[in-house]
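Let me begin by presenting the structure, written as structure tokens, before commenting on it.
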Amino acid sequence: MKNVLLIGAGRFGRHIAMQLSQLGHQVMEVDTNEERINDVLPFVTNAQIGDSTNAEFLRSLGIGNFDVCFVTIGGNFQNSLETTSLLKELGAKCVVSRAERDVQAKFLLRNGADQVVYPEKQMAKWAAIRYTSDHIFDYIEIDAQHAIFEVEVPETWVGKSVGELDVRRKFGINILGIKRAGKTDVSVTPDTVLSDDITILAMGKYKALQKCFRI
């Protein structure tokens with residue numbers, strides 16, 4: 001369990017608060033809008049209405065006590081940038097800030113952000129990949145070159161074992177697990193036989209995955 005400071009209770013901030021709550025973390029929510037604070041109260045440990053660009057207000061929260069500080073302010077990049085910078089000046093251990101464009105990310109990283117997230121950009125990329133292929137059921141980006149794809153079993157693979165297919169040597173990808181009826185099994189061995197009622201969790205370079213599964 002970690003202590004988390006979440007600044008910004010808009011839609012993105014609220015979704016993060018919900019996920020953090022499900023994971024069992026202690027969350028302090030901050031926003032200037034009382035209505036947004038009230039909406040997020042069921043998912044946080046504590047909440048305060050205040051201006052995150054005010055150094056004295058932030059100092060009163062005890063920034064050094066939080067393991068992670070999220071800055072999810074939307075629609076006002078100046079406030080986001082000032083908040084990010086102040087958090088780092090006040091001793092924040094880790095600051096994760098929201099950006100909408102690459103130029104914003106550059107400024108945030110130069111002014112205190114340890115990591116930057118692009119909720120709209122990342123969701124757009126996921127949706128574009130997911131819904132333009134009949135074979136992909138989900139995908140997780142690892143870095144600019146690697147990903148994990150959940151894909152259906154190619155017809156020519158049905159009835160064959162992982163070892164027999166030897167996809168690591170042939171394509172440079174790894175089969176991490178299989179999913180059947182919504183349940184994931186990661187105990188895959190070379191003797192695991194693939195069937196047409198499962199999907200595969202495969203990790204590798206994008207180009208290798210595209211070639212292997214004809215995406």
Side-chain angles (χ1 to χ4, degrees), residues 1-77 79-100 104-105 108-109 112-127 130 137-143 147-148 150 176-177 179 181-186 201:
M1 181 182 71
K2 291 190 175 182
N3 290 320
V4 179
L5 176 62
L6 182 55
I7 298 177
R11 285 175 301 203
F12 182 49
R14 187 167 64 251
H15 282 298
I16 289 183
M18 292 168 66
Q19 292 298 317
L20 291 170
S21 176
Q22 291 180 13
L23 293 169
H25 298 301
Q26 300 287 320
V27 182
M28 162 72 81
E29 176 68 76
V30 170
D31 198 280
T32 57
N33 185 287
E34 183 177 1
E35 185 176 347
R36 289 197 295 262
I37 285 290
N38 289 334
D39 288 342
V40 83
L41 278 177
F43 314 111
V44 300
T45 312
N46 201 351
Q48 288 199 33
I49 300 171
D51 181 4
S52 61
T53 64
N54 184 303
E56 290 306 313
F57 171 71
L58 283 185
R59 187 176 285 109
S60 72
L61 301 177
I63 299 303
N65 296 322
F66 294 101
D67 298 297
V68 184
C69 298
F70 287 97
V71 181
T72 63
I73 299 170
N76 191 325
F77 180 65
N79 283 356
S80 178
L81 186 62
E82 289 182 23
T83 298
T84 297
S85 180
L86 282 173
L87 285 170
K88 210 61 182 178
E89 288 177 13
L90 293 171
K93 299 171 185 174
C94 178
V95 180
V96 181
S97 299
R98 171 187 181 176
E100 296 177 0
Q104 292 182 351
L108 289 166
L109 290 168
D114 296 290
Q115 299 289 336
V116 172
V117 293
Y118 299 79
E120 292 87 358
K121 182 178 179 180
Q122 289 163 341
M123 188 60 191
K125 186 173 182 179
W126 179 90
R130 165 64 179 86
F137 294 89
D138 202 356
Y139 119 95
I140 300 171
E141 183 179 278
I142 298 175
D143 57 31
I148 298 173
E150 180 187 347
L176 303 180
K179 288 182 71 173
K183 294 184 178 180
T184 303
D185 179 6
V186 295
L201 299 176

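None of the values given here were measured: they were computed from a predicted structure. Just so you know, these numbers use all the heavy atoms, side chains as well, and skip hydrogens, waters and symmetry mates.
Rounded to the nearest 0.5 angstrom, Cys94 SG and Leu5 CG are separated by 12.0 Å. With rounding to the nearest 0.5 Å, the separation of CG in Asp67 from CE in Met1 is 9.0 Å. Rounding to the nearest 0.5 angstrom, the gap separating the CE atom in Met28 from the CG atom in Asn46 is 4.0 Å. Rounding to the nearest 0.5 angstrom, the gap separating the CD1 atom in Ile73 from the OG1 atom in Thr83 is 4.0 Å. Between atom NE2 of residue His15 and atom OG1 of residue Thr72 there is a gap of 11.5 Å, rounded to the nearest 0.5 Å. In this structure, CG in Leu87 is found 12.0 Å from CD in Glu82, a value given to the nearest 0.5 Å.
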Could you walk me through whether Phe137 and Lys179 pass the side-chain contact (heavy atoms from CB on, under 4.5 Å) test, one step at a time? CA-CA 11 Å; Phe137 294 89; Lys179 288 182 71 173; over 6 Å; no
Walk me through it: do Val116 and Leu109 pass the test side-chain contact (heavy atoms from CB on, under 4.5 Å)? CA-CA 7 Å; Val116 172; Leu109 290 168; 3.8 Å; yes
Is there a side-chain contact (heavy atoms from CB on, under 4.5 Å) between Ile7 and Leu58? Walk through the geometry before answering. CA-CA 10 Å; Ile7 298 177; Leu58 283 185; 4.0 Å; yes
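Of all heavy-atom pairs between Leu41 and Ala47, the closest is CD2-CB, 3.8 Å. When all heavy atoms of Ala99 and Leu108 are compared, the closest pair comes out as CB-CD1, 3.9 Å. In terms of heavy atoms, Val95 sits closest to Ser97 at CG1-OG, 3.7 Å. Nearest heavy atom pair, residue Ala55 against residue Leu86, reads CB-CD2, 3.9 Å. Nearest approach of Gly112 to Thr84, heavy atoms of both residues: C-CG2, 3.8 Å. Heavy atoms only, all atoms of each residue included: Phe66 and Val4 are closest at CD2-C, 3.6 Å.
Side-chain atoms of Thr53 never come within 3.5 Å of backbone atoms of Asn79 as a donor-acceptor pair (strictly under, hydrogens ignored). Judged by distance alone, with hydrogens and angles left aside, the side-chain atoms of Ser21 form no donor-acceptor pair with the main-chain N or O of Ala17 at under 3.5 Å. The backbone N or O of Asp51 sits nowhere less than 3.5 Å from a side-chain atom of Thr32 that would complete a donor-acceptor pair.
Between Val96 and Val117 the shortest side-chain heavy-atom distance falls below 4.5 Å.
Salt-bridge formation is not detected for the pair Asp114/Lys93: no Lys NZ or Arg NE/NH1/NH2 atom is positioned less than 4.0 Å from an Asp or Glu carboxylate oxygen.
If you run side chain to side chain contact (heavy atoms under 4.5 Å, CB included) between His25 and each of Val44, Val68, Leu20, only Leu20 comes through.
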